[in-house]
Amino acid sequence: MTGLPPPSKKKLGLVIDLDTCVGCHACAVSCKEWNAGGFSAPLTDEQPYGKDPSGVWFNRVHSYEVEATAVAALPIADPVRGCGSAAAVDTAPQPAMTLHFPRSCLHCEQPACVTVCPTGASYKRAEDGIVLVDEDKCIGCKLCSWACPYGAREYSPVEGVMKKCTLCIDRIYNENLDESERQPACVQACPTRARHFGDLADPESKVSKLVAERGGVDLMASLGYQPTNKYLPPRARRAGAAEPAPAAETLDTQALPTVLRCWIGCCRDDAFSRHAAAAR
């Protein structure tokens, strides 16, 4: 089985804001486009226009309908069913909402997908903490996908190997790109700036400060894998006062223009004639 390097001083990862994600899938599409010709290329699809399409996607976005609550005990560190470890707090009543949840590799500090690999194909880099797959060593046994509790591993049946998010290492270290573009493709493409990239080992980095300010959490922290990526939980919503039922309105035909009064009279006469004919 594969060993892990000592904890790295640099931990590159993503911070995903569940409050501003609108579920547009721009992250998934841009990731697919970039990586289809990058470090992990190709990202194959099977029957993309058929009845049962399938393919390799490093980013997937799931949407959940959250029911309205009268008195909410909102688990701040639990944006989606048991995430994080912070205690719930009482909040005002919450309206129903749609929660969009992007999912990709979390580049854990203690990744089970690495330690279970029999060939060393799955490994964690010592210099920046990114978890990768060496496809030349991968035998497609799928042990890593079974070990990962986040469903972040993608099997390519065309190539017979496992694939996963690389944090766009061929982009973030590419000195031919402008420094502002040295970010993962998903971060660059997000229209609502719900995705942030940086060094989460540096407490002074923008992403670390954002996590501290918003109470960012680990996904399923109780499992002990210590994900590098963090999620920012949705902010509490204001339900708003219930609107009273509209009062019944009566039509004052005398206030209508002459043309409309005549039209209404004709309609009534026509309806009366049909009713009288049916009664004969």
- Does some side-chain heavy atom of P7 sit less than 4.5 Å from a side-chain heavy atom of E109? yes

- Task: For L4 and K124, work out which heavy atoms get closest and say how close.
- Result: CD2-CB, 4.4 Å

- For the pair Q183 (side chain) and G198 (backbone), establish whether a donor and an acceptor sit closer than 3.5 Å, ignoring hydrogens and angles. no

- Item | Inter-residue atom distance R125.CZ - I169.CD1, 0.5 Å rounding | 4.5 Å

- Query: Are M220 and L99 in one and the same hydrophobic cluster, where Ile, Leu, Val, Met, Phe, Trp and Tyr link if side-chain heavy atoms are under 4.5 Å apart?
  - Reply: yes

- Query: Charged N to carboxylate O below 4.0 Å: is that the case for K10 and D128?
  - Reply: no

- Message: The test is side-chain contact (heavy atoms from CB on, under 4.5 Å); show your working for L14 and C186 and say whether it passes.
- Response: CA-CA 10 Å; L14 301 174; C186 60; 4.2 Å; yes

- Task: Identify the two heavy atoms, one from V131 and one from C108, that lie closest to each other, and give their separation to 0.1 Å.
- Result: CG2-O, 4.2 Å

- Query: Any side-chain heavy atom of L43 sitting closer than 4.5 Å to one from W57?
  - Reply: no

- Inspect the contact between K32 and D45 and indicate whether a charged nitrogen and a carboxylate oxygen are less than 4.0 angstrom apart. yes

- Is N229 reaching over with its side chain to a backbone N or O of C105, donor-acceptor style, under 3.5 angstrom? yes

- Do you know which two heavy atoms are closest between S30 and A189, and how far apart they sit? OG-CB, 3.3 Å

- Query: In terms of side-chain heavy atoms, does T98 have a donor or acceptor partner in E65 at a distance below 3.5 Å?
  - Reply: yes

- Message: Could you walk me through whether D170 and W34 satisfy the side-chain contact (heavy atoms from CB on, under 4.5 Å) test, starting with their C-alpha distance in whole Å, then the side-chain angles of each, then the deciding distance to 0.1 Å, before giving a yes or no?
- Response: CA-CA 10 Å; D170 51 350; W34 177 265; 3.1 Å; yes

- Report yes if the side chains of E159 and C138 come closer than 4.5 Å at any heavy-atom pair, otherwise no. no

- Are V133 and V161 co-members of a hydrophobic cluster defined by side-chain heavy atoms under 4.5 Å apart? no

- Message: Taking the basic N atoms (NZ, or NE/NH1/NH2) and the acidic carboxylate oxygens, is any pair closer than 4.0 Å for D218 and K230?
- Response: yes

- Here the gap from N35 atom CG to R171 atom CZ, rounded to the nearest 0.5 Å, amounts to 10.0 Å

- Using a 4.5 Å cut-off on heavy atoms from C-beta on, say whether the side chain of P233 contacts that of L18. no

- Note on the structure: Scanning both residues in full, the closest heavy-atom pair of G120 with C117 reads N-SG, 3.5 Å

- Which value, rounded to the nearest 0.5 Å, describes the distance between I130 atom CD1 and K164 atom NZ? 8.5 Å

- Query: Can you find a heavy atom in the side chain of V29 that is under 4.5 Å from one in the side chain of C31?
  - Reply: no

- Item | Of R193, R195, R214, the residue whose pairing with D17 passes salt bridge (charged side-chain N to carboxylate O under 4.0 Å, His left out) | R214

- Task: First locate atom NE2 of H100, then atom SG of C21, and finally report the distance between them rounded to the nearest 0.5 Å.
- Result: 6.5 Å

- Using the six-membered ring wherever Trp is involved, compare the ring planes of F101 and Y231 and label them parallel, tilted or perpendicular (cut-offs 30° and 60°). parallel

- Got a sec: does the CD of E127 have more than 12 other heavy atoms crowding it under 6.0 Å? yes

- Item | Y173 reachable from L177 in the ILVMFWY side-chain graph, under 4.5 Å edges | no

- Query: Do V15 and L232 come within less than 4.5 Å of each other through their side chains, counting heavy atoms only?
  - Reply: yes

- Item | H196 side chain near K206 side chain, heavy-atom distance below 4.5 Å | no

- Message: What verdict does the side-chain contact (heavy atoms from CB on, under 4.5 Å) test give for C27 and C190, after you've listed the backbone C-alpha separation in whole Å, the side-chain angles of each residue and the deciding distance to 0.1 Å?
- Response: CA-CA 6 Å; C27 57; C190 182; 5.7 Å; no

- Message: Would you compute the distance between atom SG of C165 and atom CG of L106 and round it to the nearest 0.5 angstrom?
- Response: 9.0 Å

- L219 and I16: same hydrophobic cluster, using ILVMFWY side-chain contacts below 4.5 Å? yes

- Task: Decide whether a cation-pi geometry holds between K163 and F58; the criteria are a distance under 6.0 Å from NZ or CZ to the six-membered ring centre and an angle within 45° of the ring axis.
- Result: no

- Message: Regarding E154 and R60, does a basic nitrogen lie under 4.0 Å from an acidic carboxylate oxygen?
- Response: yes

- Could you give the distance from CH2 (W146) to SG (C113), rounded to the nearest 0.5 Å? 14.5 Å

- Message: Is there a path of hydrophobic side-chain contacts, each under 4.5 Å between heavy atoms, that joins L167 and V61?
- Response: no

- Query: Is L12 close to T228 at the side-chain level, that is, under 4.5 Å between some pair of heavy atoms?
  - Reply: no

- Shortest non-hydrogen contact from D199 toward S205: O-OG, 2.7 Å

- Query: Is there a donor-acceptor pair under 3.5 Å between the side chain of Y123 and the backbone N or O of P5?
  - Reply: no

- Message: Under a plain distance cut-off of 3.5 Å, with no hydrogens placed, do T166 and S40 share a side-chain donor-acceptor pair?
- Response: no

- Task: Decide yes or no on side-chain contact (heavy atoms from CB on, under 4.5 Å) for S156 and M162, but give the supporting numbers first.
- Result: CA-CA 6 Å; S156 173; M162 299 302 298; over 6 Å; no

- Message: Tell me the closest heavy-atom pair linking I172 and R182, and the distance in Å.
- Response: O-CB, 3.6 Å

